[in-house]
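Here is the structure we will look at, set down as structure tokens.
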Amino acid sequence: MSLDLTFQALADPTRRAMVERLAKGPCSVSELAQPFAMSLPAVYQHLQMLEASGLVASEKVGRVRTCRMEPAAMSLAETWINRRRTDWEARLDRLGEHLRRHPDGEPQ
Amino acid sequence: MTQHSIAHGVFHIERTYPGVTPRRVFDAFATESGKAAWFVAGGNTWTLLEREFDFRPGGRERLKTRWESGIVTMFDAIYFDIVPGERIVYAYDLWHEDRKLSVSLATLEFHAVDGGTKFKLCEQGAFLDGYDDAGAREHGTNELMDRMEATLSEPVDVARP
């Protein structure tokens, strides 16, 4: 699917809760971690997946890392992936059909 | 849209083609006639404006097409690495009218599996300045937001204090 990274990021209830929190506005990592009974490294791991998906961006100012939603960048990247991927899926379907019509040993 | 922006994307696709050797799948990419059979959709929906096919490292492939809608697109690629029957690496940019939409690196691998071929594609791209084709970007954004909302409205069963 075209939204692999996004859905992978959102497949986890903790990360969905983080996105819900960030949808209300930016906050620090410790604020983001506060509702969860988990270590800070575990929170950072979740944050990394959210950042990899493009849903969330974070920035460190001084000693505080602040996280925020990044819907614009995400939608551009997702649109791009969606288009390229859809093109390829259709091409590879046609390639499969072409290979079936011309079995091994026959000239193409 | 006059604003300049850049977004990075990557995706992977794997397909298995049973009963076909990697060499034959590779050949469908390596020859102009082989590629013509599948690379662009058939039918009368487009007119070929320009075609170049120079399949070797450093060689260029170019495909300029006018679609039924009147829109002209161009795929302009340079091959960087070719291992016959095994691997193809190329970089390309994609044009929509006079706008450069994206610049990408594509890697294609052909592996023998159980009398067939496993084909692996990875494409990494820099997507430039967003789409401007008939609101497709807004449509894509809305669709994405709808799907995200649907996902987010699922119950979140996480321990809260």
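Proteins come first, then strands; the chains are lettered A, B, ... in the order of their sequence lines, and each starts at number 1. Excluded from the calculations below are hydrogen atoms, water molecules and symmetry mates; all remaining heavy atoms, backbone and side chain alike, are included.
Between B:F26 and B:F55, the ring-plane angle classifies as perpendicular under the 30° and 60° cut-offs.
With a 4.5 angstrom heavy-atom cutoff, B:Y17 touches chain A only via side-chain atoms. When heavy atoms are compared at a cutoff of 4.5 Å, A:D93 approaches chain B by way of both its backbone and its side chain.
Crowding of B:R66 atom CZ: a count of heavy atoms from other residues, nucleotides or ligands under 6.0 Å not exceeding 12. The environment of B:D114 atom CG is sparse: at most 12 non-hydrogen atoms of other residues, nucleotides or ligands sit within 6.0 angstrom.
The greatest number of non-hydrogen atom pairs below 4.5 Å with chain A, out of B:V10, B:I13, B:V25, is found for B:I13.
Judged by a 6.0 Å distance limit and a 45° cone about the ring axis, A:R85 is not positioned over the six-membered ring of A:W88.
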